[in-house]
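Throughout, protein chains are lettered first and strands after them, A, B, ... in sequence-line order, and every chain is numbered starting at 1. Note that these values count all heavy atoms, side chains included, but never hydrogens, waters or copies made by symmetry.
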Amino acid sequence: MSHLRPAAITIKDLTVVYEEKPVIWDLDLLIPHQIMLGIVGPNGSGKTTLLKSILGIIKPIAGSIKIDSATHTTQDIIAYVPQKNSVDWTFPVSVQDVVMMGRYNHISWYQRPTQNDLDIVAWALEQVQMSNFAHRHISELSGGQQQRVFLARALAQQTNILILDEPFNGIDTFTEHLILKVLQSLKVQGKTIIVVHHDLTTVRQYFDWTFLMNVRHIALGLTDQVLTPENIAKTFHVPFSWNQPQ
Amino acid sequence: MILFDFTMLLICCGTGVLGGLAGVVGSWLFLQRKSLFGDTIAHATLPGLTGIFLLTHIKHSGLLLLGGLCSALVAAYLIHVIQQHCTLKKDTILGVILASSFGLGTIFLSKIQTLPNAHQAGLTKYLLGNPATMLLEDLIMIIIATIITLLITMRYIKPYAIVLFDTTYATTIGISINKVSWIMLTAITITIVFGLQAVGIILMSALLINPAAAAYQWTKNFNKMMLLSALFGSSSTVIGTLLSCTTAHLPTGPVIVIIATMITSVSILCSPCGVIISWYKHKKQIKTINHISFLSHFYLFNEGKQDPFHAHNIAALEAIGKPFTQQTLQFLSKHGLIDSPRKNFWRLTPKGVAFLTQKTDQSKL
Amino acid sequence: MNLILLYLQLILTALLTGVACCIPGTFLILRGTSLISDAISHAIFLGIVLAFLLYQQFYAPILFAGATTVGLLTVWAIERIIASKRLYPDAVIGIMFPFLFSIAVILINLYAQNIHLDIDAVLLGELAFTPLYQITYNNINIGSYCLWTMVAILLMNIVTLILFYRKLIIATFDHDFATIIKQKPNQAYWTLMTTTCITILGAFESAGAILVVAFIITPPATAYLITKRTSHMLCVSILLSILGTLIGCFVAHVAAVSIAGSIATTYGALFAIVYIFRSPLRLT
């Protein structure tokens, strides 16, 4: 663990409330660089909200989020791979168009994509083994292929931090292994990978670090140290909050 | 005095019945999120209405309405088919059918305009409605149509309700979803076609949705909602008709719509789950504050920090407690359960922790 | 005035209207909220009536600004009511537009009876009357107000398309991603709504309050059936719109019927034909 570098993402006292119910309450989180972190918790524990707060899509009611930007050279800081169902797959764009969206911040509105952009997009598609699908319409893709396209888009952004929301959920085995391989190679290159993971049985296998949460911070650290029966019980016991006594 | 006028009575009966029907039928559309489907069907009656007159040159309202019914049913069928076979979004399909059929109707209407007897005036009344021209035979037709619709409803409403709320279950208990849906759709279309006389094509959507939307604020029970919807629908049409017939320069259709919309707005504001009562409940909660629940937030969420005395930001607390936060904080602080280490931050005191620990142990039993 | 020239102006106005409407129409369809154009057109009608009652003039810029504002306010109001979660989104639209339209009709009946604001003409549009209001410059007729208004609106739409193309696509396809990479999806959305309002306002003369929906929705919907890229969808919808308008004008002339109705029906017929033959017609 690096003691000299600031954490990749520093979160203090994060609180997000929706319809007067706490979704994330007083959360502290220090995510170091160059790790592959799995965020685990039951449904409704605020995991996706946490991702969206980090990305700036949701505004928290209190708390701060600081992202270490000392080392990034591009405009994008964090790349995001959302859940598959967050997008309309009948939209008239090709696979390549979607991946090119990852380069939009590098292209001014009056410019066309440069050769460099095209090369990066081609490289990203190759990483996820979707090069043959570059000109296909996105409606022709299977679930696993859709996930790979999102990953390629994130790769094209060339950021140091990648955030993925349940990327292994509802996809075929081949895609699952492929995505894992890509993420692991990114980590070796020095990137920080943060994944909301849905499956407790594969956490040990995939992630060197784990964060357990259920609206509040329960445990963060090396996977083996964090995944104790006690911690798991604390995370998954339902309900965690007080019912209204009346 | 006016009420005893036979024509007035006739018109009020007619529009009252139409309003009631529209309310019932509208509640089915509303619950299926098909409100704009009703609007499209209303617009799709125009080619039939005008087309049949162009063919026959007979200006008999029964015949016209029959034409309207046919074109509306064709449109409904087309919408269904297109939706099954392509990825166009629902409201786009509705828009295409609405605009195209209305366009066709406009062509016929403009052709009628050129005919020597200038009968167009009788037909444009279907655009914005004009119940003042209702005759006894119109009322008789409306009553017949109502009886037919009510009979259909009574026979098929139970399976239809199941189809509306759980199609899978409906199939498993042997209900023919297509048959029931199409029969009820016919009932809906008949209602819309006859309802045109009251509010017209352009405003029909309001008569279908407003009573249902208003009833929805008062009850979530399907049967009660239909009845309340019928009541709101009839009230809108009868009051609207009376108002417009007794005041100069007030066209009936628009007046009915405005009354119906006002009923909806009042319902949204004043119903038990409406805006005013929700606001009042919040205010009332200040007096019956659930201190323990509020206090619990301090305790439970400190688990992660391993510091039960961690201070919380007031903004965070207000987001949960919103209107009564300050009062709760004052109350809890007065009893020594929380204190404020610095401005805008609050934390538990040892007394507060002890109080909650005792509560936790109790509730875990 | 020369009859041929008159007809040409008419056709040109209709063509410009159709093409101008394709641009916001494409994105409205892709968003899945195309019927908001119906709501906007009824709201704008109220805006026109209000502006007219206040300023007693038909062709003032005030009219444009006022009507557009009413349109945008309506969109905003619809969004807020939907956000309050007391009614379903389609019900909100279905309640809002008849309400606004009713107010407009009542206002007309109460206060504007003397002025020629024939409701039927407004509802159904009467393109044939547009050449009546000509602009003269140095005593030469250079075309009707309507024609030049549509030229300006078409240019506005083209400029908006060029400036906001990528932003619109990404905002419509993946709103969250657009927010993250700071492509300002909300800015794109309100730009789209504003151009829609202005376009609908301009199209009123040609198409009338109801049929303007045909111009906005039908050609792009038809193009959607057979294209796989947004750029293709735009081009095809423009071509279809031109084709439909020409055929519609011709039919209207031959059968002596409403021009707007003719065009709208032709658009519908084209949709039907393309729908039936969409498999062989599909562009890769």
Side-chain angles (χ1 to χ4, degrees), chain B residues 30 33-39 43 82 85-111 114 124 127-128 199 202-210 212-213 216-217 249-251 253-258 261 264 268 273-275, chain C residues 29 32-35 37-38 42 84 86-91 93-95 97-99 101-106 109-110 113 119-120 123-125 208-211 213-218 220-222 224-225 251-252 255-258 260-269 271-272 275 278:
Chain B
F30 176 82
R33 329 262 174 122
K34 272 183 158 185
S35 310
L36 293 171
F37 176 81
D39 185 44
H43 284 73
I82 298 177
H85 294 117
C86 77
T87 57
L88 264 180
K89 304 226 175 33
K90 195 173 70 169
D91 76 328
T92 308
I93 300 174
L94 290 178
V96 169
I97 301 283
L98 188 157
S100 309
S101 56
F102 200 76
L104 189 60
T106 310
I107 290 183
F108 293 159
L109 205 58
S110 64
K111 195 70 194 169
T114 64
T124 50
L127 285 175
L128 286 176
V199 287
I202 299 176
L203 304 173
M204 189 67 212
S205 151
L207 191 58
L208 287 169
I209 305 177
N210 272 302
Y216 186 68
Q217 306 298 315
H249 304 308
L250 279 187
V255 172
I256 292 177
V257 168
I258 293 192
T261 314
T264 309
I268 291 181
C273 55
V275 170
Chain C
I29 286 180
T33 58
S34 43
L35 280 175
S37 58
D38 200 15
H42 290 73
S84 79
R86 289 179 188 281
L87 289 173
Y88 301 126
D90 59 326
I93 296 180
I95 291 177
F97 77 77
F99 177 64
F101 199 77
S102 300
I103 298 178
V105 173
I106 290 178
N109 274 12
L110 285 175
Q113 287 176 311
I119 297 201
D120 290 345
L123 285 180
L124 308 172
I210 316 291
L211 293 174
V213 172
F215 283 61
I216 295 230
I217 298 186
T218 318
T222 315
Y224 177 88
L225 294 173
V251 168
V257 291
S258 148
S262 229
I263 297 177
T265 312
T266 312
Y267 285 166
F271 177 85
Y275 175 80
R278 65 189 181 284

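Shortest non-hydrogen contact noted between B:G95 and C:L35 is CA-CD2, 3.9 Å. Between B:G103 and C:T265, the closest heavy-atom pair is C-OG1, 3.1 Å. Across all non-hydrogen atoms, the minimal contact from B:P254 to C:V105 is CG-CG1, 3.8 Å. Closest approach of B:I107 and C:G261 over heavy atoms only: CG1-C, 3.6 Å. Residues B:I268 and C:R86 share a closest heavy-atom pair of CG2-CD, 3.6 Å. Summarising the geometry of C:D90 relative to B:S35, their closest heavy-atom pair is OD2-N, 2.9 Å, with the distance given to 0.1 Å.
In this structure, CD1 on B:I93 lies 7.0 Å from CZ on C:F271, to the nearest 0.5 angstrom. Taken from CG in B:D91 to CD1 in C:I29, the straight-line distance is 9.0 Å, to the nearest 0.5 Å. Here the CG atom belonging to C:L87 is positioned 9.0 Å from the CG atom belonging to B:N210, to the nearest 0.5 angstrom. To the nearest 0.5 Å, atom CD1 of residue C:I95 and atom CG of residue B:L208 are 11.0 Å apart.
Annotation: side chain of B:L88 is not in contact with side chain of C:Y275 (no heavy-atom distance under 4.5 Å). B:L98 places none of its side-chain heavy atoms less than 4.5 Å from the side chain of C:I217. Counting only heavy atoms from C-beta outward, the side chains of C:I210 and B:I202 approach each other to under 4.5 Å. Counting heavy atoms from C-beta outward, B:P251 and C:I106 have side chains that approach closer than 4.5 Å. Looking at heavy atoms from C-beta onward, B:L203 lies in side-chain contact with C:S102 at the 4.5 angstrom threshold.
Distance alone, capped at 3.5 Å, places no donor-acceptor pair between the B:K89 side chain and the C:S34 backbone. Here the side chain of B:S110 pairs no donor or acceptor atom with the backbone of C:V257 at under 3.5 angstrom. A donor-acceptor distance shorter than 3.5 angstrom exists from the side chain of B:S205 to the backbone of C:G94, with no hydrogens or angles considered.
Heavy atoms of C:L225 lying under 4.5 Å from chain B belong exclusively to its side chain. When heavy atoms are compared at a cutoff of 4.5 Å, B:D39 approaches chain C solely by way of its side chain, counted from C-beta outward. Heavy atoms closer than 4.5 Å to chain C are found nowhere in B:S101, neither backbone nor side chain. Both the backbone and the side chain of B:V255 come within less than 4.5 Å of a heavy atom in chain C. Residue B:H43 touches chain C through its side chain alone, counting heavy-atom pairs closer than 4.5 Å. Residue C:F99 touches chain B through both its backbone and its side chain, counting heavy-atom pairs closer than 4.5 Å. Using a 4.5 Å cut-off between heavy atoms, C:F215 makes no contact with chain B at all. Using a 4.5 Å cut-off between heavy atoms, B:K90 makes no contact with chain C at all. For B:T261, the part lying under 4.5 angstrom from a heavy atom of chain C is the side chain only. Heavy atoms of C:D38 lying under 4.5 Å from chain B belong exclusively to its side chain. With a threshold of 4.5 angstrom between heavy atoms, B:F30 approaches chain C through its backbone and through its side chain.
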**Message:** Determine whether C:Y224 and B:T87 satisfy the following criterion, side-chain contact (heavy atoms from CB on, under 4.5 Å), listing intermediate values before the conclusion.
**Reply:** CA-CA 9 Å; C:Y224 177 88; B:T87 57; 3.2 Å; yes

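The residue among B:G253, B:A213, B:A99 with the most heavy atom pairs within less than 4.5 Å of chain C is B:A99.
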